[in-house]
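First comes the structure, then the notes that go with it.
The basis for the numbers below is simple: all heavy atoms, side chains too, and nothing from hydrogens, waters or symmetry mates. What you see is a predicted model; the values in this text were computed from it and never measured.
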Amino acid sequence: MDKAIGFIGAGNMGYAMIKSIAQANIVKADRIYVYDVDEERLSKLKDETGISILKSEKEVVEKSDIVILAVKPNILETVLEKCKDSFNDSKILVSVAVGVPIKFYKRIIGEDKKVIRTMPNTPALVGEGMTLVSPDGSIEKDELEYVMKIFACFGKAELLDEKLMSEVTALTSSSPAYVFMFIEAMADAAVLSGIPRNLSYKLAAQAVLGSAKMVLETNKHPGELKDMVCSPAGTTIEAVSTLEKNKFRYAVIEAMNECTKKAREIGKKFE
């Protein structure tokens with residue numbers, strides 16, 4: 001498929017996606033059409049990648065086969081109203097907004113239009129994103145495969161039933177924040193022990209990176225991997241015991257439950 005890809009919005013997530021797609025060369029850079037209100041940012045992006053800059057949301061839709069809407073939920077409706085008449089039955093609207101259901105987009109651009117809802121996360125900025133993809137029933141197999149290929153340019157992509165998109169928000173979209181807090185806390189403890197701060201951050205982050213890679217590549221249960229580190233009467237089991245005493249896992253579960261509740265609330269606002 002030789003599809004032209006359009007972006008409305010080039011914020012942090014959009015910027016990372018555009019650069020990754022251009023570098024992956026799944027489409028010629030000049031067939032990536034982008035509009036954003038920040039002209040200076042667009043100019044920099046064009047210099048780095050060779051993408052084509054357009055002057056409006058409407059132009060992006062007119063020139064593109066796949067339109068990736070990468071704007072904040074609070075301006076979605078305003079943006080779509082400006083370009084809704086440029087969508088036809090063959091174009092695909094792809095949204096990266098958290099919590100906004102497919103029916104919201106169809107209500108504005110037309111019930112017969114093609115829409116795919118996605119949920120990427122910020123590690124896409126370094127090529128390690130995790131994106132969940134929910135297509136509506138009108139998306140053809142080859143179209144879906146192409147969209148999955150787009151999101152694979154900056155990490156991994158998996159299909160998910162739309163009814164679970166709010167439920168998975170806490171696990172993918174929001175979870176980097178908890179991981180960053182964990183890294184920061186470990187580094188603070190290391191600094192308290194006398195280890196230099198810059199080195200502490202590096203060591204803590206590498207520990208998280210390496211541990212995650214072990215889960216993904218060994219296919220072992222996280223509990224089994226934990227047990228491999230915990231020697232009888234050793235230092236690690238002492239730390240694990242203290243985490244359990246302070247309800248570490250319970251705190252994570254409760255935090256994710258609250259995150260899910262909020263995601264559901266946001267979704268209801270767009271129904």
*Is the shortest side-chain N to carboxylate O distance from K220 to E224 below 4.0 Å?*
yes

*Are K261 and E258 close enough for a salt bridge, meaning some N to O gap below 4.0 Å?*
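So K261 pairs with E258 through a salt bridge.
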
Heavy-atom check, side chain of [X] versus side chain of [Y], under 4.5 Å:
X    : Y    : answer
T172 : L132 : yes
I51  : D30  : no
T118 : F151 : yes
D47  : L45  : no
S174 : N121 : no
I53  : Y35  : no
I150 : I68  : yes
I195 : L199 : yes

*Same cluster for F7 and L42 if Ile/Leu/Val/Met/Phe/Trp/Tyr side chains link at under 4.5 Å?*
yes

*Are V94 and I26 co-members of a hydrophobic cluster defined by side-chain heavy atoms under 4.5 Å apart?*
yes

_Please give the remaining members of the hydrophobic cluster of M214, linking ILVMFWY side chains under 4.5 Å, ordered by chain and number._
V215, L225, M228

First locate atom [atom1] of [X], then atom [atom2] of [Y], and finally report the distance between them rounded to the nearest 0.5 Å.
X    : Y    : atom1 : atom2 : value
E39  : K55  : CD    : NZ    : 9.5 Å
I21  : I66  : CD1   : CD1   : 9.0 Å
I8   : K58  : CD1   : NZ    : 11.5 Å
S52  : K46  : OG    : NZ    : 5.5 Å
M256 : Y178 : CE    : OH    : 5.5 Å
M148 : E158 : CE    : CD    : 6.5 Å

Is [X] reaching over with its side chain to a backbone N or O of [Y], donor-acceptor style, under 3.5 angstrom?
X    : Y    : answer
S134 : L160 : yes
E162 : I102 : yes
T169 : S166 : yes
S64  : V67  : no
D38  : R41  : yes

*asked:* Before you tell me yes or no, could you show the steps for K3 and E143 under salt bridge (charged side-chain N to carboxylate O under 4.0 Å, His left out), namely the whole-Å CA-CA distance, both residues' side-chain angles and the distance that decides it to 0.1 Å?
replied: CA-CA 10 Å; K3 298 289 187 182; E143 294 172 331; 5.2 Å; no

*Starting from the C-alpha separation in whole Å, work towards a yes-or-no answer on side chain to side chain contact (heavy atoms under 4.5 Å, CB included) for V96 and M17.*
CA-CA 11 Å; V96 301; M17 293 170 67; 4.2 Å; yes

_Exercise: identify the closest heavy-atom pair between T49 and A22_ =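 Between these two residues, the closest heavy atoms are CB-CB, 3.9 Å.
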
*Checking side chain to side chain contact (heavy atoms under 4.5 Å, CB included) for the pair I109/L93: CA distance, chi angles, key distance, verdict?*
CA-CA 9 Å; I109 68 172; L93 173 63; 3.8 Å; yes

*asked:* Considering only residues two or more places apart or on different chains, which pairs with a residue in residues 92-107 satisfy side-chain hydrogen bond (donor to acceptor under 3.5 Å, both in side chains)?
replied: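 side-chain hydrogen bond (donor to acceptor under 3.5 Å, both in side chains) check on residues 92-107 returns S95-Y105, K106-D136.
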
_Stepwise side chain to side chain contact (heavy atoms under 4.5 Å, CB included) test for V27 and I32_ = CA-CA 7 Å; V27 62; I32 301 174; 3.7 Å; yes

*For S20 and Y15, what are the C-alpha separation, side-chain angles and deciding distance, and is it a side chain to side chain contact (heavy atoms under 4.5 Å, CB included)?*
CA-CA 9 Å; S20 297; Y15 199 96; over 6 Å; no

*What pairs meet the salt bridge (Lys or Arg N to Asp or Glu O under 4.0 Å) rule with one or both residues in residues 82-96, with sequence neighbours excluded?*
E57-K82, E81-K84

*Distance only, no hydrogens: is a donor on one side chain within 3.5 Å (strictly under) of an acceptor on the other, for Y33 and E62?*
no

*Classify the angle between the aromatic ring planes of F182 and F248 as parallel (below 30°), tilted (30 to 60°) or perpendicular (above 60°).*
tilted

